[in-house]
Amino acid sequence: MRRLRRTSTGAEQRGAPAVRRRRRLRRIVIAAPFLIVLVWASVSYSAWMLQPTSMQWKARSTEWVRNEVPFGNWMVDEGENVAYRLNPPKTGGPQLKALPTVGQIIPTQTSSSSSSPKAKAAVWPPPIKPVFPHPLPGEGVWKPTGPAKNGGPPVLVTTFRPELAYPQLVAYVAWFDHTRTEIGYYPGRYEPPNAAVRGPMMVPDDQRWRLLATFNGGFTYVDGANGSADNGRTNEPLKDGNATLIGYRDGGIAIVNWSGGPDVGSDVAWARQSLAPIVWNGKLNPQLNDDPNSPQWGYTLGGLSRVWRSGVGIDRHGNLIYVAADDQTVITLAKILQHAGAVRAMEFDINPEWHTLITYTHSAKGLVPTMVGANPMQSPDRYLVPDDRDFFAVYLPQPGPVTVPFK
């Protein structure tokens, strides 16, 4: 039987273009938001990446997500947390046969200060007691680095293995004599976000003759309302309850639990906050926990994940201690600082990109920087060129009240 082909009526033919138009409009309506987001992301990312930076491409891209993408900070933290949980450090394993070499014996340089008859003998901190029953050569033994001052070393460094369960881990520790050093705090290109004076974003050229060491700052402002100040001027407002590393104009160094409002007093040369204290009066903060979402310790990566972490502490004589170690939680970092002699301590920046401790020797050819603690993502010249994040510079002291030199 022959099938009859159905023919379209006039009404159907007239309605077909209208249907097609509605379909096109529907597709445009659906696609428009995605197109707008794509254009915004392309423009925003391009503008972000074309700004001057000291970061590698990957780290800079991550910073764009954190700062520019809605909920980006949370997304990056969650992604990092998953990655670290999938690749946790393994317990046990072979013992290290040797520790990384740090520090060196530097002959006391002849100068008016070191040759003075009033020069005092150096008061070294006690060696850090090894955790392992069979310590490696030099474990926990302090070594000087850089030029001497008033008959003693301003900067000492050492290493030790902090955990029996993880024999491959090494903690890098530096000690700064508050009587033989002067510390300055410098904003970077983008951190803190609203610096009162941005400054050189690196160690000033005319201060490098007395440079002894540099080290990284703390958590960013967005990660805990971590305020800071330089030369009495507020960068970001200080937050009550935050641990605050303070350099006073008389040369003293302290870590305080801040309760003074958004601005510092006239006796403060500089101040930098970073979360809550982790060691107080020689004891671990009882509020330390491994809750992965604890806002006190930096949200997802704050407490639980074992990552590179750094921190600073004050010993019972008022000297500054800096530590950095891989595969640490906030609790194990606090224990390292406590074991190294800190009676008060706070967490500084975390993750493998940011921990940076550099010491300097001086030769006829200029500064010779040495990275203490491996960090392939940063150069030993970090802080000798403009850097994105804030940092600290440790100097030989000069007469008069402490100020942060920006020129």
Side-chain angles (χ1 to χ4, degrees), residues 53-56 59 99-106 142-149 153-159 170-178 180-189 191 199-218 245 247 253 270 272 274 308-313 319-326 340 348-363 365-397 404-405:
T53 183
S54 57
M55 295 182 190
Q56 295 181 359
L99 290 167
T101 301
V102 295
Q104 54 185 316
I105 302 298
I106 305 295
W142 296 105
K143 296 181 181 179
T145 178
K149 172 71 176 177
V155 179
L156 299 173
V157 292
T158 190
T159 56
V170 176
Y172 298 85
V173 191
W175 175 89
F176 306 105
D177 186 340
H178 78 280
R180 293 181 170 89
T181 59
E182 186 176 291
I183 297 178
Y185 165 70
Y186 291 93
R189 280 195 185 96
E191 186 64 32
M201 302 166 291
M202 62 179 177
V203 178
D205 289 333
D206 66 354
Q207 301 298 318
R208 297 183 182 187
W209 64 272
R210 62 188 186 112
L211 183 63
L212 299 171
T214 51
F215 58 91
N216 58 274
L245 179 62
I253 302 290
W270 51 262
R272 175 54 155 101
S274 188
W308 267 102
R309 295 180 188 268
S310 64
V312 291
N319 303 303
L320 184 65
I321 298 171
Y322 172 97
V323 305
D326 195 6
F348 262 20
D349 219 343
I350 68 173
N351 281 335
E353 297 91 343
W354 309 121
H355 70 94
T356 306
L357 171 63
I358 304 170
T359 60
Y360 303 87
T361 55
H362 298 254
S363 70
K365 295 182 179 180
L367 279 177
V368 181
T370 299
M371 184 80 76
V372 181
N375 186 347
M377 299 187 187
Q378 300 291 351
S379 164
D381 289 330
R382 186 183 189 188
Y383 307 135
L384 297 180
V385 294
D387 195 79
D388 288 9
R389 294 203 175 188
D390 54 343
F391 68 96
F392 292 85
V394 183
Y395 296 117
L396 287 168
V404 181

Task: Side-chain donor-acceptor pair present, S54, D387, cut-off under 3.5 Å - done: yes

- [ ] Answer whether the closest heavy-atom distance between the side chains of W270 and L245 falls below 4.5 Å.
- [x] yes

Open item on the list: If I take atom CE from residue M201 and atom CG from residue D390, how far apart are they, to the nearest 0.5 angstrom?
Closed with: 13.0 Å

- [ ] Could you tell me the separation between the CG atom of L212 and the CZ atom of F176, rounded to the nearest 0.5 Å?
- [x] 8.5 Å

Task: Side chain N319, main chain W175, donor-acceptor under 3.5 Å - done: no

Task: Minimum heavy-atom distance between T159 and P100, given as atom pair plus value - done: OG1-O, 4.0 Å

Task: Partner set under ring pair (Phe, Tyr, Trp, His ring centres under 6.0 Å) for F391, not counting sequence neighbours - done: Y186, Y383

- [ ] Please round to the nearest 0.5 Å and tell me the distance separating atom OG1 of T181 and atom OH of Y395.
- [x] 12.5 Å

- [ ] Can you measure from CZ (R208) to NE2 (H362) and round to the nearest 0.5 angstrom?
- [x] 11.0 Å

Task: Over all atoms of both residues, closest heavy-atom pair of V173 and A340 - done: CG1-CB, 4.2 Å

Open item on the list: Are F215 and Y172 an aromatic pair, judged by ring center distance below 6.0 Å?
Closed with: no

Task: Closest heavy-atom pair and its distance - L357, A174 - done: CD2-CB, 3.8 Å

- [ ] List the atom of V203, the atom of A393, and the distance in Å for their closest heavy-atom pair.
- [x] CG2-CB, 4.3 Å

Open item on the list: Looking at K149 and D177, is there a salt bridge between them, counting it only when a charged N and a carboxylate O are closer than 4.0 Å?
Closed with: no

Open item on the list: Can you tell me how far apart CG (L384) and CZ (R382) are? Round to the nearest 0.5 Å.
Closed with: 11.5 Å

Task: Passing candidate, side chain to side chain contact (heavy atoms under 4.5 Å, CB included) with L211, options I358, L396, T359, L367 - done: L367

TODO: Indicate, with yes or no, if the rings of W354 and F348 have centres closer together than 6.0 Å.
DONE: no

Task: Shortest non-hydrogen contact between Q378 and M371, atoms and distance - done: O-CE, 3.6 Å

Open item on the list: Looking at every non-hydrogen atom in both residues, tell me the closest pair between P405 and R210 and how far apart they are.
Closed with: CG-NH2, 3.8 Å

Open item on the list: Does any part of the side chain of R389, heavy atoms only, come nearer than 4.5 Å to the side chain of N216, both counted from C-beta?
Closed with: no

TODO: Pick out which of V368, T370, T214 makes a side chain to side chain contact (heavy atoms under 4.5 Å, CB included) with Y360.
DONE: T214

TODO: Can you measure from CD1 (I253) to CD1 (I321) and round to the nearest 0.5 angstrom?
DONE: 13.0 Å

TODO: Please check if any side-chain donor atom of T53 sits under 3.5 Å from a side-chain acceptor atom of D388, or the reverse.
DONE: yes

